[in-house]
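Starting from 1, each residue takes its place in the sequence as its number. One-based numbering, in listed order, for ligands and for the atoms of each.
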Amino acid sequence: MTWHILGAGSLGSLWATRLARVGLPVTLLLRDAERLAAYHDAGGLTLVENGREQRLAISAQTVDASDPIRRLLLACKAYDALAAVDAIAHRLTADAELILLQNGLGSQQQVTERLPGARCILASSTEGAYRDGPFRVVFAGRGTTWLGDPYHPAPPAWLAELTQAGIPHAWSDQIQSRLWRKLAINCAINPLTVLHDCRNGELDAHQDEVAGLCTELGGLLHACGQDEAAAGLFEEVQRVIQATAANSSSMRQDVGAGRRTEISYLLGHACAEGLRQGVPLPRLTALLQSLQAHLRARGLPDT
Ligand code: NAD
Ligand code: KPL
């Protein structure tokens with residue numbers, strides 16, 4: 001069965017090239033005819049791994065092509081997910097399966113509500129990739145992709161294809177908990193690195209702020225029934241800060257490059273959930289407001 005991959009960006013290309021190079025059928029779904037022409041001009045997708053380059057002439061089409069889609073990897077940013085799914089909804093078969101690679105929370109719910117008949121598998125990835133040119137992806141960080149389906153605990157048979165392609169993965173029966181945990185870690189680290197304009201390790205100088213945020217995030221997680229995701233959160237955040245001390249957080253990289261952030265699906269989602277649950281979150285709310293003002297001042301969207 002063909003892997004349709006929507007979003008030939010960093011993670012989408014990383015998946016597409018690894019699946020295609022072991023001979024599995026892959027089709028890229030590109031936004032429009034102009035991007036499709038640019039892709040053909042590039043001669044395919046190039047994967048840069050351990051300094052070696054491999055170009056793969058993976059088949060591609062525009063999202064509005066007409067052949068049916070039974071398996072879709074949705075590899076766009078969280079803020080693009082709903083519109084992207086809208087663009088291909090008419091092509092999905094009745095038994096279609098989607099893998100949602102988006103970071104944070106909120107976009108998955110938008111997609112599952114838009115496609116009530118489809119199986120939506122949620123993913124949380126610790127792999128790292130970036131683009132160093134059009135239709136080129138650099139494999140920058142080894143990791144794992146956790147996959148799970150909160151409604152149907154049985155793993156899909158195609159996980160074997162991920163193994164065949166060398167894509168590290170694990171099936172999780174607690175995928176919501178993993179997504180919440182990652183969201184909480186991102187909320188405690190990423191906005192502060194933007195506002196203090198610092199690398200992750202420099203947050204050592206702002207331990208009290210980090211601790212205060214973790215206390216509120218822990219309370220929110222408990223209120224959302226995510227006790228496991230709340231356990232030892234501050235210690236885990238400190239561990240991540242040490243382990244990634246030299247790194248710039250993904251949000252700081254986005255702001256530095258003038259790219260839209262996924263704020264609404266990270267800190268924005270946490271604050272919105274606090275309101276829904278009746279949990280006061282004064283520190284997180286103040287942080288969200290400061291971050292939004294910071295983004296506006298740089299001409300970037302604040303959602
Ligand atoms: P990206 O911006 O590199 O790629 C997204 C691609 O989707 C872009 O090429 C964009 O043009 C395309 N796209 C958006 N809407 C589309 C549409 N309607 N039709 C066709 N194409 C469309 O993003 P990314 O870095 O690959 O991130 C994807 C998700 O994975 C994000 O939620 C991100 O937070 C998460 N993530 C990324 C990494 C990483 O290292 N890059 C790691 C972990 C998680
Ligand atoms: O996931 C991260 C990111 O940069 O998005 C880190 C910094 C590891 C934790 O927030």
Side-chain angles (χ1 to χ4, degrees), residues 4-16 28-36 38-39 45 60-65 72-89 99-108 111 122-132 134-146 179 181-194 198-203 210 213 217 233 236-257 259-267:
H4 283 92
I5 298 188
L6 189 152
S10 308
L11 278 198
S13 300
L14 189 60
W15 278 59
L28 299 171
L29 300 178
L30 303 179
R31 210 183 276 274
D32 51 30
E34 196 182 329
R35 191 143 162 82
L36 184 59
Y39 175 72
L45 271 185
Q61 57 185 213
T62 54
V63 283
D64 62 2
L72 177 73
L73 179 72
L74 190 68
C76 58
K77 291 282 173 66
Y79 49 74
D80 281 330
L82 186 56
V85 158
D86 266 334
I88 47 83
I99 301 130
L100 309 181
L101 264 187
Q102 289 60 48
N103 199 13
L105 279 163
S107 67
Q108 300 88 345
V111 171
L122 315 187
S124 178
S125 183
T126 58
E127 293 199 300
Y130 63 89
R131 288 181 280 179
D132 71 346
F135 303 108
R136 290 175 55 89
V137 61
V138 180
F139 194 175
R142 304 266 155 203
T144 292
T145 302
W146 296 90
L179 286 162
R181 178 76 161 193
K182 180 140 195 286
L183 177 146
I185 294 169
N186 283 168
C187 285
I189 297 177
N190 298 13
L192 289 180
T193 64
V194 173
C198 68
R199 291 182 183 273
N200 296 352
E202 293 169 83
L203 289 183
V210 175
L213 294 175
L217 286 161
L233 179 63
E236 173 78 351
V237 166
Q238 284 181 305
R239 194 196 61 72
V240 173
I241 288 174
Q242 297 314 320
T244 62
N247 296 1
S248 224
S249 77
S250 55
M251 190 177 269
R252 182 171 179 244
Q253 287 180 42
D254 284 342
V255 173
R259 287 190 298 257
R260 183 176 175 181
T261 68
E262 295 181 301
I263 176 175
S264 293
Y265 300 87
L266 297 166
L267 188 53

Quiz item: atom 5 (C) of ligand 1: which protein heavy atom is closest, and how many Å away?
Solution: Ala75 O, 3.5 Å
Self-check item: For atom 2 (O) of ligand 1, closest protein heavy-atom neighbour
Solution: Arg131 NH2, 3.4 Å
Exercise. Within a distance under 4.0 Å of any heavy atom of Asn200, pick out the atoms of ligand 2 and give their elements.
Key: 7 (C)
Quiz item: Are there more than 12 heavy atoms of other residues, nucleotides or ligands under 6.0 Å from atom CZ of Phe139?
Solution: yes
Quiz item: Who's the nearest protein heavy-atom neighbour of atom 4 (O) of ligand 1, and how far?
Solution: Gly9 CA, 3.2 Å
Quiz item: For ligand 1, which atoms have a heavy atom of Gly128 less than 4.0 angstrom away?
Solution: 40 (O)
Practice problem: Determine whether the side chain, the backbone, both or neither of Leu6 has a heavy atom under 4.0 Å from any heavy atom of ligand 1. | Solution: side chain
Quiz item: What part of Glu127, side chain from CB on, backbone N/CA/C/O, both or neither, has a heavy atom under 4.0 Å from ligand 1?
Solution: backbone
Quiz item: Is there a nitrogen or oxygen of Ser10 sitting under 3.5 Å from a nitrogen or oxygen of ligand 1?
Solution: yes
Self-check item: Identity and distance of the protein heavy atom lying nearest atom 36 (N) of ligand 1
Solution: Leu11 CD1, 3.6 Å
Quiz item: What is the closest protein heavy atom to atom 34 (O) of ligand 1, and at what distance does it sit?
Solution: Glu262 OE1, 2.6 Å
Practice problem: Could you check atom 7 (O) of ligand 1 against the protein and tell me its nearest heavy-atom contact, residue, atom and distance included? | Solution: Gly7 CA, 3.3 Å
Exercise. Considering the heavy atoms of Ala84, write down every atom of ligand 1 situated less than 4.0 Å from one of them.
Key: 18 (N)
Practice problem: Give a yes/no on ligand 1: does Ser125 have at least one heavy atom closer than 4.0 angstrom to it? | Solution: yes
Exercise. Measure the distance from atom 27 (O) of ligand 1 to every protein heavy atom, then report the residue, atom name and distance (to 0.1 Å) of the closest one.
Key: Lys77 CE, 3.7 Å
Quiz item: Starting from atom 10 (O) of ligand 2, which protein heavy atom do you reach first, and at what distance in Å?
Solution: Asn190 OD1, 2.6 Å
Practice problem: Starting from atom 15 (N) of ligand 1, locate the nearest protein heavy atom and write down its residue, its atom name and how far away it is, to 0.1 Å. | Solution: Arg31 NH2, 3.3 Å
Quiz item: Going by the order shown, which atoms of ligand 1 are within less than 4.0 Å of some heavy atom of Leu101?
Solution: 29 (C), 30 (O), 35 (C)
Exercise. Work out whether the distance between some heavy atom of Ala83 and some atom of ligand 1 is less than 4.0 Å.
Key: no
Self-check item: Residues Glu127, Leu14; criterion side chain to side chain contact (heavy atoms under 4.5 Å, CB included); working and verdict
Solution: CA-CA 9 Å; Glu127 293 199 300; Leu14 189 60; 4.0 Å; yes
Quiz item: For Ala129, is at least one N or O under 3.5 Å away from an N or O on ligand 1?
Solution: yes
Quiz item: Under the criterion side-chain contact (heavy atoms from CB on, under 4.5 Å), which of Leu267, Val194, Asn186 is the partner of Met251?
Solution: Val194
Practice problem: Please write down residue, atom name and distance for the protein heavy atom closest to atom 9 (C) of ligand 2. | Solution: Asn186 ND2, 3.3 Å
Quiz item: Mind checking whether Leu101 and Thr145 have side chains closer than 4.5 Å, heavy atoms only?
Solution: yes
Quiz item: Can a non-hydrogen atom of Arg259 be found less than 4.0 Å from any atom of ligand 1?
Solution: no
Quiz item: Is there any N or O on Asn103 that sits under 3.5 Å from an N or O of ligand 1?
Solution: yes
Self-check item: Enumerated ligand 2 atoms positioned under 4.0 Å from heavy atoms of Ser249
Solution: 4 (O)
Quiz item: When you measure from atom 8 (C) of ligand 2 to every protein heavy atom, which one gives the shortest distance, and what is it?
Solution: Val240 CG1, 3.8 Å
Exercise. Nearest heavy atom to atom 28 (C) of ligand 1 wins, so pick from Ala81, Gly12, Gly143, Cys76.
Key: Cys76
Quiz item: Which part of Gln253 is near ligand 1, with near meaning a heavy atom under 4.0 Å away: side chain, backbone, both or neither?
Solution: neither
Self-check item: Shortest protein heavy-atom distance from atom 5 (O) of ligand 2, along with the residue and atom involved
Solution: Ser250 OG, 2.5 Å
Quiz item: Could an N or O of ligand 1 be found under 3.5 Å from any N or O of Gln102, whether backbone or side chain?
Solution: no
Quiz prompt | Residues Arg199, Glu202: salt bridge by 4.0 Å N-O rule | solution = no
Exercise. With heavy atoms of Ile189 as the reference, note each atom of ligand 2 found under 4.0 Å away.
Key: 9 (C), 10 (O)
